[in-house]
Amino acid sequence: MRTFLLRRLPSGLLVLLAASFLIFLILRLIPGDPATSLAGPDAGPEAVAAIRARLGLDRPLLGQYLGWLGDLATGRLGPSYAIGGEVADLIGDSLGATVELTLGALLLVILLGLPLGVLGATVRRGPVAVAVRALTTTVLAIPPFVTGVVLVLVFAVTLGLLPAGGHESILDQPDLGVQYLLLPALCLALPSAAILGRYLKDGLERALAEDYVRTATALGISRRRIVLRHALPNALPPAVTVLGLQVGQLLGGAVLVEAIFAWPGLGQLAEQGVLRRDYPVVQDLLLLLVAVYVAVQLVTDLVYTWLDPRIRWE
Amino acid sequence: MSAVLQVRDLKVEFDGVEAVAGVGFELAAGETLGIVGESGSGKSTTALALLRMLPAGGRISGGSVELDGQDLATLAEPALRSVRGRRIAMIFQDPMSSLNPVLTVGRQLDEAVRAHGSAAKPERASRAVELLDLVGIPDAARRLRDHPHQFSGGQRQRIMIALALAGDPEVLVADEPTTALDPTVQQQILRLLERINRERGTALVLISHDLGVIAQTCRRVLVMHQGLVVEHGRTEDVLDRPEHPYTKRLLAAVPRLAEPSTAAANSTPGPEPLLTVTGLAKTYGPRRRPVTALGGVDLVLHPGETLGLVGESGSGKSTLARALVQAHAPSAGEIRYRGEPLTRSRAARREIQLVFQDPYSSLNPRMTVGQILAEPLIAHRLGDAAERAERVGELLTQVGLEPDAADRHPRAFSGGQRQRIGIARALAPRPSVLICDEPVSALDVSVQAQVLDLLSGLQRELGLAILFIAHDLAVVRQASHRIAVMHRGRLVETGPADQVVTDPQDPYTAELLAAVPQLNHRSPV
Amino acid sequence: MTTLAVGLRRRRLLPAGLHTLRGTAGVLLVGVVVLAGLLAPLLTDADPLAQSGLALAGPSGAHPFGTDDLGRDLFSRVLHGIRTDLLISVTAVPVGAVLGCALALLAATSRGADVAVQRVFDLLLAFPGLILALAVTAVLGPGRWPVVIVIALAEIPGFGRQLRAGILVQREREYALAARVGGASRARVLLRHVLPNAVDPLIVQGAIAFSLAVFIEGAMSFLGVGVRPPEPSLGGILSQSMAYLSTHPGYAAAPLLVVTALVLGLTLIAEALNEGIRR
Amino acid sequence: MTSLSRRSLLRGSVAAAGLLSLAACRSAAESGDGAAASAGPRRGGTLSLATTIDYTPSLLFAQSANTLVQRLVFNTLTRYDDQLRPQPELATSWQPAADGRSITFKLRDDVLFHDGRKFTADDVIFAVKNLQNPVRSAQLRSTAATVTEFRKNGDHELTLELAHPVSNLFDLFEFMIITDSATVEDAVAGKQLIGTGPFRYGKRTPGSSITFTRNEKYWNPGRPYLDGVEIRVIPQADSLVSSLKTGQSHLSYHVPGKDLAGLKGSGQFQLRPYDTGSGAYYIGVNVSAEQVKDKRVRQAISWAVDRERLVQQALGGYGLPSAAPWPKSSPAYSDANATHYRHDPAKARELLKEAGVSGLTLPFAHSNTPDGTAIAQILQHDLKQVGIETELQPTDSPTMQKQLISQTMPALWTLSHGFAQLHPATLAVSAYPFNEAKNSSHFSSPGYTDIVQRAWKRPDSDSAEAKALYQQVTDTLLDEAFVIDLAIGGQIEVAGTKVHGATLNKFNYLNLDDAYLTV
């Protein structure tokens with residue numbers, strides 16, 4: 001495992017460095033600047049100049065970039081420009097919310113995707129097969145923001161079962177937190193669950209066509225057991241890779257879902273940050289997202305090797 | 001003797017196409033029956049039909065399979081499941097793919113045991129150890145936690161047998177159980193099957209393309225051809241006095257170890273070495289724990305000579321072949337062609353060509369045969385389009401195919417024809433050396449004989465030097481002037497073909513020779 | 001047994017996949033939507049941009065799908081919206097595919113390049129797509145090009161990773177070694193032998209990519225960074241209609257139906273092709 | 001790692017399903033039906049308020065999009081009634097000098113800051129000086145800057161000396177919140193807010209919510225009625241509406257125009273337009289652009305637009321179509337001004353012809369929000385009818401802001417402006433589009449400067465003379481048409497039937513002193 005990490009870490013750091021440069025560059029390329037946003041709609045040039053100087057935006061770009069990297073290296077994130085508060089606190093708070101959402105969604109992805117995949121691969125005919133196929137395809141065919149709005153309309157506005165949006169920490173108030181979490185997590189999870197289900201189905205079908213399944217059948221082992229105990233463990237490793245990719249998508253896709261459900265997560269913070277040109281927040285946040293993604297990939301690979309004994313590291 | 005298994009007029013269809021057209025036999029308790037036939041004869045389909053485990057699209061379209069009077073062909077699925085593994089079990093060809101790669105051997109044995117009994121966990125565990133012991137896996141208790149990939153090929157097949165025995169069945173169907181194994185390991189597995197048959201009274205149905213394997217193991221034999229049983233009888237009767245013309249042809253095509261080399265009739269090797277290999281070594285893997293594939297091989301090949309190279313899988317034969325065609329760089333040592341180091345001469349690349357074992361994966365499925373044959377010509381800038389087309393036609397004729405084959409894709413050809421295409425491709429740039437890496441191992445005996453004929457004809461005609469790699473000693477003896485024996489990356493013995501077979505100098509060679517299944521029936525006790 | 005399996009494998013891949021019920025349904029759905037878009041000027045003479053005081057009207061003879069919040073004919077807008085989406089996808093998806101494939105081929109040249117290319121894919125996947133969309137649009141100004149660029153960027157890793165995996169598998173096949181031994185250069189082996197055998201999954205990816213393109217366009221419109229108004233696009237109409245979902249559900253129905261039909265069709269095609277390939 | 005642990009992982013994930021499906025004992029979804037409200041104020045309850053825009057701490061002293069916080073935590077010296085007459089708040093009485101060059105305040109002596117410190121005249125001095133600081137970018141800085149000297153007379157009496165008379169002095173006192181000088185930097189950094197207002201600043205989760213708790217020692221006895229206030233930030237307008245409909249939020253001032261009709265129809269809400277409110281939609285014209293240099297072209301644009309349709313289709317019918325910036329409550333308002341330009345495409349075409357302009361294509365910037373986009377499309381369509389083609393440029397707000405301030409707007413843009421709800425001089429002195437010295441339209445004329453300065457530098461704001469000056473300002477605006485007003489649409493209060501007594505001041509500061517929730 002150590003050698004595995006040692007092999008992967010340098011390239012991961014390289015990705016982060018490249019990402020940091022890109023992020024910095026893109027932000028500076030975006031028109032509009034933090035000082036004018038901060039100054040308000042009717043500010044005069046002297047106010048803007050004063051704010052520019054205070055934020056250090058009058059320094060040369062390279063200096064700003066290196067300064068940022070230096071701050072990162074020493075762990076100082078500093079205050080935000082426009083949103084208010086320390087960047088570390090802002091990111092910390094919204095990271096918590098996003099992790100909650102992502103984990104909730106991930107759980108739903110697994111809970112929905114697993115049966116979808118298994119049923120899809122094993123039930124070939126009949127109403128169940130039709131329902132499974134219809135569900136996987138239509139879920140993928142409807143844009144996520146439509147799903148979100150419809151979910152709110154049905155479960156919150158019409159039925160009044162669940163809140164329309166907002167966030168309550170699941171750690172502080174588990175019972176309320178779950179209710180707030182359910183709809184956005186579901187909205188986020190549905191497409192990914194369909195994708196996972198489809199990959200799992202493909203994997204299971206492949207596994208079920210393998211010789212070892214024939215062996216198990218010849219031994220008189222029941223179909224159910226063959227599917228769940230023999231074929232599924234083989235179909236899981238590739239599905240885990242897909243799941244890992246999906247986690248990345250969940251983090252990124254959360255922007256939209258967070259907007260629809262007023263979920264104060266990283267996506268919202270990033271959008272706010274971009275909209276107000278709050279450079280420190282956006283820079284640190286995007287870099288964090290990239291880092292999380294890289295880490296998730298790493299974990300995915302680790303889980304893969306753990307699930308597949310053939311390629312387990314020494 | 002009462003019949004435990006009674007098969008009557010069994011017919012199997014695949015999407016309307018008849019694959020088995022009426023097979024009948026009976027099997028007494030404790031008996032051994034061999035089913036022999038070439039690919040497409042329907043022998044494996046018959047085996048699967050016995051447990052009604054036909055793949056999708058296939059169905060039993062007629063006849064019956066009665067196990068103690070119970071017709072498996074019509075039995076309901078749940079009842080069938082309680083029969084499978086419990087009363088009739090099956091062993092498959094490839095022990096690697098037939099074992100679940102992600103489950104431990106213990107888990108798989110446990111699954112097999114619990115499929116037919118509700119024994120408690122500790123009992124099942126001790127039963128698993130017992131089974132592994134039975135099939136001769138050393139240190140059984142500890143190895144339950146290992147995964148299939150941690151066992152050798154022979155051990156994996158032993159585990160397969162252990163799985164099949166978990167339900168203590170009366171009938172064991174073994175479908176090509178030793179085909180993927182080396183001769184020495186094959187020998188051990190056959191002995192194990194014999195022992196199980198002897199000690200436990202399990203009736204055995206052994207399916208194989210190899211008459212030697214059947215001869216050695218089974219009292220009775222069934223010869224199948226095109227979905228039909230063409231001959232049926234006691235093994236020694238069928239082998240010694242074949243009645244059906246097909247059986248006669250089949251027996252004639254089987255290479256026999258006792259027959260002397262025919263290579264001298266093709267050509268007389270020239271005196272000057274064409275290819276000289278000195279101290280060739282190749283290691284793989286990380287620097288700290290290298291795996292040695294070749295450990296210093298010295299070899300010479302003369303013009304017009306066929307040098308047979310034999311050895312078990314993993315002995316380094318293919319590594320050597322690939323080093324010779326510069327598919328990879330050796331770690332040490334040198335290869336000279338006509339005295340020149342190989343790496344320096346581009347022309348030498350053209351002079352040494354390779355024929356592959358697998359006639360399926362070695363031809364690009366996306367290209368027509370014509371394109372495949374023209375590729376080496378283009379690569380070596382030989383001729384223009386018209387000249388290349390002409391050469392393609394010439395090559396096809398040379399290997400015994402029609403020139404219009406050029407327009408078709410490889411999938412339109414049978415295995416033997418594909419191997420001819422592979423040979424034609426190797427011949428395209430007019431090489432002087434042909435490296436044939438197990439060129440006939442994937443082919444049926446009758447086709448094998450034809451390809452061997454083709455190769456010797458080409459040698460006669462073109463004066464080619466051939467490095468003929470194979471694991472079948474009988475084939476090698478027949479085709480080669482000299483034989484080199486390879487073991488663990490080294491050549492242990494090199495000598496004239498007949499001498500190596502009749503008077504082996506190295507104990508390993510002797511061991512190899514002893515493991516070759518002979519056609520003279522050695523009835524199991 | 002073996003000959004049988006080979007026999008099954010011999011069937012032609014593409015048509016075989018599409019000849020299934022699923023494949024035909026998919027082609028039909030996509031075909032109808034695409035045709036409706038292409039023939040938009042023939043199917044309706046209503047100007048998709050003409051406004052009127054008649055806002056949010058239900059379906060009628062003059063307006064088969066009703067009108068939108070600015071009194072524009074929805075039928076015409078949806079049809080012209082299909083055109084916009086087609087135009088965007090037809091530009092963006094091939095660009096993304098070509099770039100992705102080029103990177104995958106580059107990765108096949110050396111170990112170092114492989115690591116670098118993989119990290120590029122990681123980077124593209126890691127960068128939150130919608131933030132990228134906001135940024136690209138902010139830099140370039142709104143319009144079709146930012147949408148095309150964002151979609152193309154988003155498609156790169158999908159195609160690239162798929163092809164890279166295919167190349168890795170195919171490169172180990174014996175025919176590749178055979179070509180090499182036959183004297184073909186590395187580039188020739190890669191391009192002439194390995195590549196044609198590794199592209200099959202890309203066709204499936206292509207179908208998926210088109211549906212992704214429609215979604216990205218929609219999401220960008222939803223965030224206000226889509227195609228330049230008043231040009232209609234499916235995502236644009238759909239996201240505008242969301243505000244009226246509870247009061248005027250008919251407004252959302254038409255664009256939603258079209259998007260769903262399009263993506264459903266593409267998905268069905270992808271599935272059918274996938275089965276065809278695997279067979 | 002054994003296979004057993006892998007299996008238990010799978011089992012664990014299945015078990016977690018139970019956790020999610022766990023039927024909760026409490027429900028986070030409130031039933032939205034407002035039962036018959038009982039009469040009279042009631043103590044207690046937490047008011048939940050929904051807004052699309054998060055509060056920006058650094059803009060605490062500037063008029064910005066979210067001004068809900070200011071009057072909850074802070075107080076002002078005075079507050080306007082509906083007729084723009086100042087009423088006491090922290091100041092009990094005031095006496096302007098006859099020449100308009102000074103004003104003397106008497107202050108409340110029973111006011112405590114949230115940290116327990118007593119409120120004195122020094123706090124007022126600090127507040128004025130604070131607004132004079134350019135970094136605070138307060139819109140009324142020019143008015144604050146006229147204060148040249150402070151004379152304290154004890155802790156609770158104060159005289160401000162002015163450089164010259166200003167007509168909008170009380171706009172400043174309506175605007176200027178009294179903050180704690182020691183913590184002002186913390187305030188703009190978003191760390192804490194210390195004021196004298198009815199609520200204490202609780203916890204802020206940026207992008208999500210801000211909570212406030214009742215100030216138990218508020219100087220106004222018995223107030224506030226509410227125990228607390230929660231401002232929920234819901235950036236997506238549709239989600240905000242859902243939140244109101246489900247009763248999760250009680251009150252909002254940020255419901256987009258197009259949703260208003262639906263809400264009104266449901267009977268679940270009270271809708272109250274603040275016709276004295278702050279918003280006016282306009283088309284800005286960059287007069288330095290060649291095609292629109294000629295004021296006849298600009299006038300043609302003003303004739304071309306259908307203000308009625310705009311109000312109906314984009315603002316949900318809430319808004320006053322008007323060619324002038326003034327709301328009905330403004331001293332400068334007149335029907336003639338409002339209807340100076342009507343929808344008359346023929347007239348527009350005629351003017352264009354007169355100006356010799358044809359085949360005009362103009363870049364047209366607008367905010368990329370759904371509302372902004374809808375408005376721009378309506379305008380684009382109207383302009384097209386008279387032969388003016390426009391290319392829409394959806395722009396996000398920071399870019400728009402930068403273009404506004406740096407005067408780099410394209411030939412046309414549409415936005416909304418504030419400040420017309422106050423004394424008319426404030427608009428021309430403090431609102432950027434109208435600023436006589438420097439505005440985004442690049443418009444300047446000595447005549448406009450002169451009138452604006454005269455209207456501003458007067459001691460009174462209501463006399464006939466003052467009104468005549470206002471009319472001159474209006475005439476210039478209408479004639480030059482560098483800012484083409486479209487509709488006056490203030491904040492629309494959407495309140496659940498439970499909510500009573502919430503008001504906004506002229507700067508949209510939310511005042512909940514008298515607000516209460518019925519059961």
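Just so it is clear, the values below take in all heavy atoms, side chains as well, and ignore hydrogens, waters and symmetry mates. Here is the naming used below: chain letters follow the sequence lines, and residue numbers restart at 1 for every chain.
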Of the backbone (N, CA, C, O) and the side chain (C-beta and beyond), which part of [X] lies under 4.5 Å from a heavy atom of chain A, both, or neither?
X         : result
Val259(C) : both
Thr137(C) : neither
Leu132(C) : side chain
Leu125(C) : both

Self-check item: Residue selection (most heavy-atom pairs with chain A, distance under 4.5 Å) from Val115(C), Leu266(C), Leu256(C), Val214(C)
Solution: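 Among the listed options, the one with the most contacts to chain A is Leu256(C).
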Quiz item: Rounded to the nearest 0.5 Å, what separation is found between the CG atom of Leu16(A) and the CG atom of Asp122(C)?
Solution: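 Rounded to the nearest 0.5 Å, the CG-CG separation comes out at 10.5 Å.
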Quiz item: Among Ile30(A), Leu25(A), Leu27(A), which one satisfies side chain to side chain contact (heavy atoms under 4.5 Å, CB included) with Val139(C)?
Solution: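 Of all the options given, the one that passes is Ile30(A).
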With the side chain counted from C-beta on, respond yes when [X] and [Y] share a heavy-atom pair under 4.5 Å apart, and no when they do not.
X         : Y         : result
Leu22(A)  : Leu123(C) : yes
Leu140(A) : Ser211(C) : no
Met242(C) : Val146(A) : yes

Quiz item: Where on Leu285(A) is there a heavy atom nearer than 4.5 Å to chain C: the side chain, the backbone, both, or neither?
Solution: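 Nothing of Leu285(A), per the 4.5 Å heavy-atom cut-off to chain C.
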For chain C, which of [options] has the most heavy-atom pairs under 4.5 Å?
options                                    : answer
Ala18(A), Ala270(A), Ala259(A), Ser11(A)   : Ser11(A)
Val294(A), Ile142(A), Val296(A), Val292(A) : Ile142(A)
Leu286(A), Thr158(A), Ile26(A)             : Leu286(A)

Quiz item: Taking 4.0 angstrom as the limit, do Glu271(C) and Arg133(A) come out as a salt bridge?
Solution: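 No, no charged N to carboxylate O under 4.0 Å.
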Exercise. Decide if atom OH of Tyr244(C) counts as having more than 12 heavy atoms of other residues, nucleotides or ligands within a radius under 6.0 Å.
Key: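 Yes, OH of Tyr244(C) has more than 12 neighbouring heavy atoms, counting only those of other groups under 6.0 Å.
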Quiz item: For Val263(C) and Ala141(A), which heavy atoms make the closest approach, and how far apart are they?
Solution: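 Closest approach of Val263(C) to Ala141(A): CG1-CA, 3.4 Å.
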